[in-house]
Amino acid sequence: MSVEWVLLALRIGSAGALLAFLGALFWLLWRDFRAVTRANVAERRGRLVVVAVEGDELAALRGASWPLLPLTTLGRAPTNTIVLEDAFCSLEHAQIVWRGGQWWLEDRRSSNGTRLNDEPIREPVVVSSGDVIGVGRVQLRIELD
């Protein structure tokens with residue numbers, strides 16, 4: 001056997017070992033990510049429930065509910081977590097974020113503003129169970145488990 005074949009075998013073996021190492025690393029990171037995600041979602045269960053709407057065209061929303069995700073966005077755009085077909089709602093109106101062990105409500109520079117318990121918000125605020133969020137002509141109550 002010549003030296004060239006030995007070097008080729010070593011190169012192929014090294015490449016295989018490197019791919020196996022990278023695959024194992026990816027698998028470990030993915031497993032850890034999934035475990036943390038499951039634990040975080042289990043910790044902060046909750047939902048948003050429509051409690052009031054203005055206008056007959058929004059009557060179908062009354063009583064609807066959506067689960068709260070670590071990042072829940074509200075607005076008219078189809079890319080939002082919760083899509084509200086309301087002309088008084090901005091494309092990207094507001095978001096609710098799990099941060100630092102608390103739920104935070106933030107206005108996304110909407111045209112008509114976001115309200116918390118009928119008070120306009122200007123900066124991110126902490127929300128809790130029972131709070132009512134006003135987005136356009138829709139009011140949503142936060143229910144946390």
Side-chain angles (χ1 to χ4, degrees), residues 6-145:
V6 172
L7 289 175
L8 178 63
L10 286 173
R11 288 179 183 158
I12 291 172
S14 298
L18 180 61
L19 286 174
F21 172 75
L22 291 174
L25 182 64
F26 176 78
W27 179 77
L28 288 171
L29 289 172
W30 180 253
R31 189 180 64 163
D32 189 48
F33 172 76
R34 299 271 319 256
V36 168
T37 302
R38 276 191 222 115
N40 285 343
V41 169
E43 280 177 12
R44 44 185 198 268
R45 286 178 275 189
R47 62 187 184 146
L48 286 175
V49 179
V50 176
V51 292
V53 294
E54 297 173 25
D56 294 335
E57 66 274 9
L58 297 172
L61 280 177
R62 199 170 282 121
S65 70
W66 298 272
L68 277 175
L69 303 175
L71 172 62
T72 302
T73 58
L74 300 100
R76 274 193 347 254
T79 55
N80 287 297
T81 310
I82 299 173
V83 179
L84 301 170
E85 297 292 334
D86 179 10
F88 289 86
C89 183
S90 296
L91 290 173
E92 294 181 0
H93 198 99
Q95 67 183 16
I96 302 170
V97 181
W98 178 257
R99 189 181 322 133
Q102 296 177 312
W103 288 104
W104 290 81
L105 172 65
E106 301 177 25
D107 184 68
R108 303 281 316 262
R109 294 186 220 144
S110 61
S111 300
N112 294 319
T114 302
R115 297 172 312 283
L116 179 62
N117 300 321
D118 288 326
E119 295 293 324
I121 64 166
R122 308 223 186 293
E123 57 189 37
V125 294
V126 175
V127 293
S128 57
S129 193
D131 283 345
V132 177
I133 299 169
V135 176
R137 297 181 294 169
V138 179
Q139 292 187 0
L140 304 114
R141 182 179 59 238
I142 296 179
E143 295 180 354
L144 302 176
D145 298 336

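Just so it is clear, the model here is predicted, and its values are computed rather than measured. Values below: all heavy atoms of this structure, side chains included; hydrogens, waters and symmetry mates excluded.
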Does the pair Val138 and Phe88 meet the rule for a side chain to side chain contact (heavy atoms under 4.5 Å, CB included), with working shown? CA-CA 9 Å; Val138 179; Phe88 289 86; over 6 Å; no
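- To the nearest 0.5 Å, atoms CG (Leu48) and CD1 (Ile133) are separated by 5.5 Å.
- The minimum heavy-atom distance linking Val135 with Cys89 is given by the pair CG1-SG, 3.5 Å.
- In this structure, the side chain to side chain donor-acceptor pair (under 3.5 Å) partners of Arg108, at least two apart in sequence or on a different chain, are Glu92, Gln95.
- Ser90 pairs by the side chain to side chain donor-acceptor pair (under 3.5 Å) definition with nothing, not counting sequence neighbours.
- The closest donor-acceptor contact from the side chain of Arg47 to the backbone of Glu143 lies at 3.5 Å or more, if one exists at all.
- Partners of Glu54 by side-chain contact (heavy atoms from CB on, under 4.5 Å), not counting sequence neighbours, listed by chain and number: Arg137.
- Taking the ring-ring contact (aromatic ring centres under 6.0 Å, His included) definition, one finds that Trp27 meets it with nothing, sequence neighbours left out.
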Per-pair distances, 0.1 Å, donor-acceptor, side chain in residues 68-75, under 3.5 Å, sequence neighbours excluded:
residue	atom	partner	partner atom	Å
Thr72	OG1	Leu69	N	2.8
Thr72	OG1	Leu69	O	3.1
Thr73	OG1	Asn80	OD1	3.2
Thr73	OG1	Thr81	N	2.9
Thr73	OG1	Thr81	OG1	3.4

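- Here the side chains of Leu105 and Ile142 are not in contact, with every heavy-atom distance at 4.5 Å or above.
- Of the possible polar contacts, none joining the Arg31 side chain to the Phe26 backbone as a donor-acceptor pair under 3.5 Å is found.
- Listed for the His93 side chain is no donor-acceptor partner under 3.5 Å among the backbone atoms of Arg109.
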Sequence neighbours left out, cut at 3.5 Å: what donor-acceptor pairs do the side chains of residues 119-132 make with other protein atoms?
residue	atom	partner	partner atom	Å
Ser129	OG	Leu144	N	3.3
Asp131	OD1	Asn117	ND2	3.1
Asp131	OD2	Ser128	N	2.9

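- Shown here for Ser65 and Val49, the closest heavy-atom pair between the two residues is CB-CG2, 3.8 Å.
- Between Phe33 and Trp30, the ring planes lie tilted relative to each other; the angle falls in the 30° to 60° range.
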